[in-house]
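Lettering of chains follows the sequences in order, A, B, ..., and the numbering in each one begins at 1. All values below were derived from every heavy atom in this structure, side-chain atoms included, with hydrogens, water molecules and symmetry-related copies excluded. Because the structure is predicted, anything quoted here is derived from the model rather than measured.
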Amino acid sequence: MISVVVIAIYLGLLLGLALFSKTLFRGTSKDYFVASHSIGPFMLLMSVFGTTMTAFALVGSTGKAFEGGIGTYGLMASSSGLIHAACFLLIGIKLWAIGKRYGYVTQIQYFRARFESKAFGYLLFPILVLLVIPYLLIGIIGAAKTIYGVTVAKSTPAGEIPGAFPEIFTNGAVPPWLTGIIICGVVLTYIFAGGSRAAAWANTFQTIVFMIMGILAFYLISEKLGGVSAAIEKASDAHKVRTISGEVGFSKLTFLTYMFIPLSVGMFPHLFQHWLTAKSAKSFKLTVVAHPICIAIVWVPCVLIGVWATGVPALNGPVPTPSGAVLAKMVAVLVHDPIVVGLVTAGILAAIMSSLDSQFLCLGTMFTNDIVLHNSKKEYTDKQILFMARTFIIAIVVLTYILSLVLYKKNVFDLAIWSFSGFAALTPLVIAALYWKRANKTGAYACVIAVFLSWLTFFAMSGFGGEYFLVGGIVPAAAMWFIGAAAMIIGSLMSPPPSEKTLAKFF
Amino acid sequence: MNKKGIILITFLIFLVLHQDFWNWDNASLVFGFIPVGLFYHACYSFVAAAFWAIVIKVAWPTALEEWAEGAADPLEGGHE
């Protein structure tokens, strides 16, 4: 019960921050969508980092290391440090510049102009929404599973721990439907209050919280295990290397081709929106340099906790611990202290919500600007535009909430990889748009259609969301990326180049 | 070789160094608590940050920044 109070206080603080950010809201649609291009270096770093580190950051890294060993860090974290920063520098700054000069607030506005096709937006919009939805699902399902794990009745070596609400809910645990409503409600409240600016403020706060809580969990768990040296000595030897041993380890081809997945940040529509909130290009400098360091600060302790967990008997009984529950269980079983359990859970929720807010916001922005306002002859007031954006956000939240209940038992991290893979495979589109003058409408259509069809094929072959590798352990994202790139090149070369006017505008 | 060429080659070297196949089955511990495969990649993150700091220092797109801050020519067309 004390843990739940700590979590409730955290959510209350977040709402307080939302009310504060509302006082800074200028009431215009531009302020709502891109915070009037006013976000400085530190807040840009925190909001971009918080957005890219969803439930994967604390929960996923620990769980994946528990399953696969130390290779998890190289697979997902150090590669991201290099590739994400490259995307921020080579794609982010250029898109920010184009967006600022021409007033774009969504990717689709840029692609429509760059590829001289208004219809292109109607092809890309549903695909982007379809790919964002699994990403939203991992947030809502991840939060529901975390809160359920914290509040459910448990058997520990110290004795039975009753559930948080034994007289209200089964096993005393907060049910997933309630957690989903609370999390979505809190996020909606603060993005409705101040749009992009509120999201940036909330993300800054939440990113600081989950970074500190990750370090706190690392310190307390290591202390309970007798120190960092004793903790690693007890861990399984197979988890200390990358060699494949049963279910542990990674193939060299998987490790190599996983480098394609971090490219996804180049096409995330919610990151595009965050980039556009930057006050100036200089705001990006800190993000580019500090992003790899922030990843190391969060991921190294979490991967070590996951490896240590392999030597903790309570997590290695006859019933295997689900990967998503490793961190929460390590804290609950070893630390016991309900205040610490509450704080670490708040950290996990912070990591989740700092991604959800940007995704909700970007979907509303895209719908309003790319579908409703696009080609509209009617003049809308800022109030009407904000109303449309908020209505679409609510519709998407309701849809995602229902899906989260239906798909609750799915492995959320496997589902997320499919989302990342789709966005990663679409990066030839943005790279060609920015750097290849010959890239044209035909190439763009061919690229998007080829990626979407290959994504659907591999997704179906995986059993609709499971872990899936091609021959030798190659990840589907790598194959889809080459398919997309080939389609872009062939399609562009087989048709006339863009007009001189378009080239003059963008190059 | 120009600056962009050097940066590109360094980036490609980073991609190769990320594979560190020589650490694949090395279970030894650094400082008595961190497996060498993890220690290597943690250091890699910090070196990558230093690399990007140098890139920003020597190849910052100043012209792009100035172009973005300028007003769009009406002939260029703006939003949609």
Side-chain angles (χ1 to χ4, degrees), chain A residues 69-71 73-74 77-79 81-82 85-86 88-89 93-94 96-105 109 112-113 118 222 227-229 231-232 237 239-243 252 255-256 259 280-282 284-285 288-293 295-296 299-300 303-304 307 373-375 501 504-505, chain B residues 4 7-8 10-11 13-21 23-57 59-73 75-80:
Chain A
I70 57 145
Y73 187 86
S78 58
S79 55
L82 184 72
F88 299 156
L89 188 64
I93 294 176
K94 204 146 185 183
W96 169 84
I98 291 169
K100 178 124 200 254
R101 187 166 172 103
Y102 297 122
Y104 302 140
V105 294
Q109 289 174 335
R112 272 180 166 146
K118 290 183 175 174
S222 69
V228 286
S229 297
I232 199 73
D237 286 335
H239 286 72
K240 297 172 194 169
V241 293
R242 271 175 280 164
T243 318
K252 288 190 170 74
F255 200 79
L256 173 68
M259 297 286 279
S280 71
K282 288 185 183 71
F284 281 84
K285 287 184 177 177
V288 171
V289 176
H291 190 77
I293 297 170
I295 289 178
W299 280 69
V300 171
V303 167
L304 277 172
V307 174
L373 297 181
H374 175 69
N375 267 356
K501 190 183 166 198
K505 182 174 177 179
Chain B
K4 282 184 182 169
I7 290 168
L8 180 64
T10 312
F11 181 76
I13 291 171
F14 263 100
L15 292 180
V16 174
L17 289 175
H18 184 266
Q19 303 310 305
D20 70 322
F21 46 84
N23 281 329
W24 212 265
D25 51 5
N26 185 349
S28 55
L29 299 175
V30 180
F31 304 127
F33 78 94
I34 182 162
V36 69
L38 179 58
F39 179 74
Y40 174 89
H41 277 276
C43 293
Y44 181 96
S45 297
F46 285 91
V47 177
F51 166 67
W52 290 120
I54 294 166
V55 170
I56 281 175
K57 188 87 181 161
W60 183 250
T62 310
L64 183 69
E65 199 176 5
E66 287 164 1
W67 176 80
E69 300 291 351
D73 187 322
L75 293 175
E76 290 176 342
H79 169 78
E80 289 304 294

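- Using a 4.5 Å cut-off between heavy atoms, Ser222(A) makes no contact with chain B at all.
- Most heavy-atom pairs under 4.5 Å with chain B: of the set Phe284(A), Tyr73(A), Trp96(A), this distinction falls to Tyr73(A).
- With a 4.5 angstrom heavy-atom cutoff, Ala86(A) touches chain B via backbone and side-chain atoms both.
- Residue contact with chain B, scored on non-hydrogen atoms closer than 4.5 Å, involves the backbone and the side chain of Ile93(A) alike.
- A 4.5 Å side-chain heavy-atom check between Thr62(B) and Glu66(B) finds at least one atom pair inside the cut-off.
- The minimum heavy-atom distance linking Lys505(A) with Ala113(A) is given by the pair NZ-CB, 4.3 Å.
- Heavy-atom pairs under 4.5 Å with chain B peak, among Lys100(A), His291(A), Lys282(A), at Lys282(A).
- Per-residue counts of heavy-atom pairs under 4.5 Å with chain B were compared for Gly71(A), Ala290(A), Gly81(A), Ala281(A); the largest is that of Ala281(A).
- Using a 4.5 Å heavy-atom threshold, the side chains of Ile34(B) and Ile232(A) count as separate.
- A donor-acceptor pair shorter than 3.5 Å can be found between the side chains of His41(B) and Asp20(B).
- For a residue to count as touching a neighbouring chain, one of its non-hydrogen atoms must lie under 4.5 Å from one of that chain's; by this rule Asp25(B) touches chain A with backbone and side chain alike.
- Contacts of Val288(A) with chain B are made by both backbone and side-chain atoms, with heavy-atom separations under 4.5 Å.
- Both the backbone and the side chain of Leu38(B) come within contact range of chain A, each with at least one heavy atom under 4.5 Å from a heavy atom of that chain.
- For the pair Leu304(A)/Pro35(B), a side-chain contact is recorded, criterion being any heavy-atom separation below 4.5 Å from C-beta on.
- A search for side-chain contact (heavy atoms from CB on, under 4.5 Å) contacts involving Ile13(B) returns Ile9(B), Leu17(B), not counting sequence neighbours.
- Both tests do not hold together for Lys252(A) against Phe21(B): distance to the six-membered ring centre under 6.0 Å, angle to the ring axis within 45°.
- Per-residue heavy-atom pair counts under 4.5 Å with chain A were compared for Phe39(B), Phe46(B), Trp24(B), Phe11(B), and the maximum is reached by Trp24(B).
- Options Ile70(A), Val300(A), Leu82(A) differ in how many heavy-atom pairs under 4.5 Å they form with chain B, and the most are formed by Leu82(A).
- When side chains are defined from C-beta on, Trp60(B) counts as touching Lys285(A), because their heavy atoms get closer than 4.5 Å.
- Looking at Trp299(A), there are no atoms closer than 4.5 Å to chain B (heavy atoms on both sides), in backbone or side chain.
- Among Ala42(B), Pro61(B), Ala48(B), Ala50(B), the residue with the largest count of heavy-atom pairs under 4.5 Å with chain A is Ala42(B).
- Residue Val55(B) touches chain A through its side chain alone, counting heavy-atom pairs closer than 4.5 Å.
- Summarising the geometry of Ala59(B) relative to Ile7(B), their closest heavy-atom pair is CB-CD1, 3.6 Å, with the distance given to 0.1 Å.
- When heavy atoms are compared at a cutoff of 4.5 Å, Leu373(A) does not approach chain B at all.
- Residues satisfying the ring pair (Phe, Tyr, Trp, His ring centres under 6.0 Å) test with Phe14(B), not counting sequence neighbours, are Tyr44(B), Phe51(B).
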